[in-house]
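When a residue number appears, it is its place in the shown sequence, counting from 1. Keep in mind that what you see is a predicted model, and the values were worked out from it rather than measured. Whatever order the structure lists them in is the order used to number ligands and atoms, beginning at 1.
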Amino acid sequence: MLTPVTRVVVIGAGHNGLVAAVHLAAGGLSPLVLEQAPRPGGATRSAARTLPGFVHDDHAAFVPMAVASPAMRELRLEDDGLRWVTPSMVMAHPFEDGTAIALHRDVGATAASLGGRAGSGWERAMGQLLPHATTLVETILAPLPPVAGPLRLGGALRRDGLDWARRMLGSIEALGLEIFAGDRRATAWLSGSAQHSGLPPSTAGSGAFGLVLQVLGHSHGWPVPVGGMGSLVDALLARGAREGSRVRCDARVERIITRGGRLTGVRLVSGEEIAADAVISTLSAGPLVGMLEPGALPARLERRLRSWRYGTGAFKLDYALSGPVPWTAAEPREAAVVHVAGALGALEAAAQDGTHGEVPERPALVVGQQSLVDPSRAPAGHHTLYVYAHVPSRYAMGDEDVAARIEAQLERFAPGFAAAVLGRSLRAPHQTEVENPSMVGGDLGGGTMELDQQLVFRPAPELVRYRTPLKGLYVAGASIHPGGAVHGMSGRGAARALLHDRRLRPWRTRAG
Ligand SMILES: Cc1cc2nc3c(=O)[nH]c(=O)nc-3n(C[C@H](O)[C@H](O)[C@H](O)COP(=O)(O)OP(=O)(O)OC[C@H]3O[C@@H](n4cnc5c(N)ncnc54)[C@H](O)[C@@H]3O)c2cc1C
């Protein structure tokens, strides 16, 4: 017998919530997305945070997964106005001696930038991996267990496949030193990409993050939406509205209500109750368990979610600039992304400090120069700058002192930077959590992604396929496999699981 689902609530209008809503609506339901913030978008928003005419990405900025992920690709958001820019110089990594190594879309140009044996090592590695980039990414993103992907990869890569699996399970530092024959400069360049995960370069599991991001740099680029990340949200909202989903902002969910062990709806902090037969939560593990009645989940699972570990927080600075950043090295003047840390030892020290509760003396920075490739982000001749560093979620220093360390680091690699600053916006991890309670401690990945405990079967074996033991409750978001980043996989997965359970058709766009 079919169970009719008339009232479906999605908690959170980040990209996963919006992707879920599109799928639910396309499957014949009319979901209501409840969002606590005044605007939808979550960690994929952009705003004029500094001066009029300057558009800044609040959190996510470079989204290769969004173009590689099947969940996003199949939505064809380009039909809803989304346009991408894909920079040809993907990333530059400057060193303190005024030189830099660049990741280009083109493998040959990248090998030339690496030089000598390191360049040959990279060409050899990419010769093996690049033809299988799409399968590699789809395997990592696929619902567990990913059966077809590993078989296809194993068949294609043969013995090399096992070798790559070994390297990717290890640290990015070990992986780099192996493929670059001990070259520490080249290894620093590669390791900079693992910073996005918040894992130190010497940590097991960082190999996969750093390598996959660099492979994506060649295969798909690190694209940015024209007009800011908000354009991605606008396209998702437009698609959702056409399919029949609704979004309600300023609606913070306090409780997922269960009566007699049955899910019956949600209660907002205002006290309003909204009846629902099914709920998809896109919040990270801590806030999710905080919304449930004690005993709603089996005790072991509840304990697991309560003990979920969050990692370092992102300390974010956005600048309105009178001109481009005066980098000492040539390559960063062209690159959309710059990894500022310098030598491998400096990168490791900064990451270890952040992980062990210290604000690094010389923070490692992820820097975005979106306006270099998307002029719509700033008035003519002017530029935006996007900077974040991983710091502990709580620290004793004042926020301005942390900002001063970040700015000193920028000056080290771009002397005279301060003179170009017209306006600045600062967001410390505690402020991020206030704006979006799902990002506990400003953690950008919904909980640490260490190989030992939190990466595999994320966040718990019972939840990896988006269902929960509480009938009618489904989960998505950065704490759920395959984790953080803008790829929409768990949003789609949760919606598909719900539709499947109610024997509704998973994908039928009214939009065509
Ligand atoms: C500084 C920073 C930089 C990043 N850079 C990148 C990048 O370059 N590329 C990339 O791919 N990824 C990046 N990420 C990660 C990426 O942004 C996130 O993993 C992803 O956007 C998470 O999407 P989501 O929909 O799961 O969650 P979110 O976007 O966090 O959405 C959750 C939503 O739920 C809402 N909410 C919270 N509590 C409640 C409640 N009680 N009731 C109702 N609503 C609630 C929130 O306001 C939010 O809108 C970055 C993250 C940060 C912080």
With a 4.0 Å cut-off on heavy atoms, does [X] reach ligand 1?
X      : value
Arg252 : yes
Phe315 : no
Pro287 : no
Gly446 : no

N/O of [X] under 3.5 Å from N/O of ligand 1, yes or no?
X      : result
Ala43  : yes
Val486 : yes
Ala61  : yes
Lys316 : no
Val253 : yes
Thr282 : no

- Should Met168 and Leu136 count as side-chain neighbours, where that means a heavy-atom distance under 4.5 Å?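 Touching, per the 4.5 Å side-chain cut-off.
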Answer with side chain, backbone, both or neither: which part of [X] has a heavy atom less than 4.0 angstrom from an atom of ligand 1?
X      : result
Trp222 : neither
Leu34  : backbone
Val366 : neither

Considering [options], which one's heavy-atom position lies nearest to [atom]?
atom                    : options                        : value
atom 3 (C) of ligand 1  : Glu35, Arg45, Gln36, His59     : His59
atom 1 (C) of ligand 1  : Ala314, Pro437, Gly313, Ala485 : Ala314
atom 30 (O) of ligand 1 : Ile256, Ile480, Asn436, Val337 : Asn436

- Taking Ser284 for the side chain and Ser479 for the main chain, is one N or O donor matched with an acceptor at less than 3.5 Å? no
- Donor-acceptor pair, side chain of Ser69 and main chain of Ala66, under 3.5 angstrom: no
If only side-chain N and O atoms count, and only distance matters, is there a donor-acceptor pair under 3.5 Å linking [Y] with [X]?
X      : Y      : answer
Gln431 : Glu435 : no
Gln370 : Asp57  : yes
Arg45  : His56  : no

- Query: What protein heavy atom sits nearest atom 51 (C) of ligand 1, and how far off is it?
  - Reply: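 Its nearest protein heavy-atom neighbour is Leu444 CB, 3.2 Å.
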- Task: Considering only non-hydrogen protein atoms, determine which one is nearest to atom 7 (C) of ligand 1 and report residue, atom name and distance to 0.1 Å.
- Result: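 Checked against all protein heavy atoms, atom 7 (C) of ligand 1 sits closest to Phe62 O, 3.4 Å.
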- Does the separation of the ring centres of His196 and His339 fall below 6.0 angstrom? yes
- Is the ring centre of Tyr319 less than 6.0 Å from the ring centre of Phe417? yes
